[in-house]
Q: 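Here it is: the structure, laid out below.
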Amino acid sequence: DITQNKRITEQVQQREAWFNAILNATLDGIVAEDNERIVFANRSLARMCGYESAAELINRDFSVICEPNEVARLREFSRRRLRGEHAPLT
């Protein structure tokens with residue numbers, strides 16, 4: 001039914017907007033990466049890292065938000081998680 005599909009789509013969009021509002025309202029920096037590429041960053045993280053907007057970080061290598069001496073260690077943690085192994089979050 002088209003009406004039901006439209007209603008479900010609207011509900012999903014509303015929930016997505018709600019989650020984005022929460023994630024962008026916090027003062028904490030939040031980032032999500034996939035295969036070492038940034039797929040989500042909130043405004044606070046962007047500001048902490050010297051960017052005008054979070055959009056500038058999307059699809060960039062996550063190393064742009066890391067201290068240079070921490071990149072190798074954090075890459076290894078990311079690879080362990082992808083293999084399903086235990087790895088610290090930071």
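Note that the structure is a prediction, hence the values are computed from the model and not measured.
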Q: I'd like to know if L57 and M48 are part of one continuous hydrophobic network [Ile/Leu/Val/Met/Phe/Trp/Tyr, side-chain heavy atoms within less than 4.5 Å].
A: no
Q: How far does CD1 of I65 sit from CD of E33, to the nearest 0.5 angstrom?
A: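 Going from CD1 on I65 over to CD on E33, the span is 8.5 Å.
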Q: Test of understanding: clusters of I, L, V, M, F, W, Y form through side-chain heavy atoms closer than 4.5 Å, transitively. Do F77 and L82 belong to the same one?
A: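 No, separate clusters.
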Q: Linking Ile, Leu, Val, Met, Phe, Trp and Tyr through side-chain heavy atoms less than 4.5 Å apart, which residues share a cluster with V39?
A: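 V39 shares its hydrophobic cluster with no other residue.
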Q: Under the 3.5 angstrom rule, does the side chain of S78 hit a backbone N or O of L74 as a donor-acceptor pair?
A: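 Side chain of S78 to backbone of L74, a donor-acceptor pair under 3.5 Å: no, none is there.
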Q: Using atom types as modelled and distance alone, determine if a side-chain donor or acceptor of R80 lies under 3.5 Å from a backbone N or O of P88.
A: no
Q: Scan residues 56-67 for pairs that pass salt bridge (charged side-chain N to carboxylate O under 4.0 Å, His left out), counting only residues two or more places apart or in two chains.
A: R37-D61, D61-R75
Q: Do the charged groups of E76 and R73 touch, with an N to O distance under 4.0 Å?
A: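 Looking at E76 and R73, the cut-off is not met.
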Q: Which is it for L45 and I30 under the side chain to side chain contact (heavy atoms under 4.5 Å, CB included) test, yes or no, and what are the steps along the way?
A: CA-CA 6 Å; L45 182 80; I30 299 173; 6.0 Å; no
Q: Are F62 and Y51 connected in a single hydrophobic cluster, I mean Ile/Leu/Val/Met/Phe/Trp/Tyr linked by side-chain heavy atoms less than 4.5 Å apart?
A: yes
Q: Side chain to side chain contact (heavy atoms under 4.5 Å, CB included), that's the test. Do I38 and V64 meet it? Break it down for me.
A: CA-CA 9 Å; I38 296 172; V64 300; 4.2 Å; yes
Q: What side-chain donor-acceptor pairs closer than 3.5 Å can you find for residues 10-26, not counting sequence neighbours?
A:
residue, atom, partner, partner atom, Å
N20, ND2, E16, O, 3.4
N24, OD1, R43, N, 3.0
N24, ND2, N20, O, 3.1
T26, OG1, D28, N, 3.2

Q: Taking NZ, NE, NH1 and NH2 as the nitrogens, is one of them in R79 or E85 under 4.0 Å from a carboxylate oxygen of the other?
A: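 Looking at R79 and E85, the cut-off is not met.
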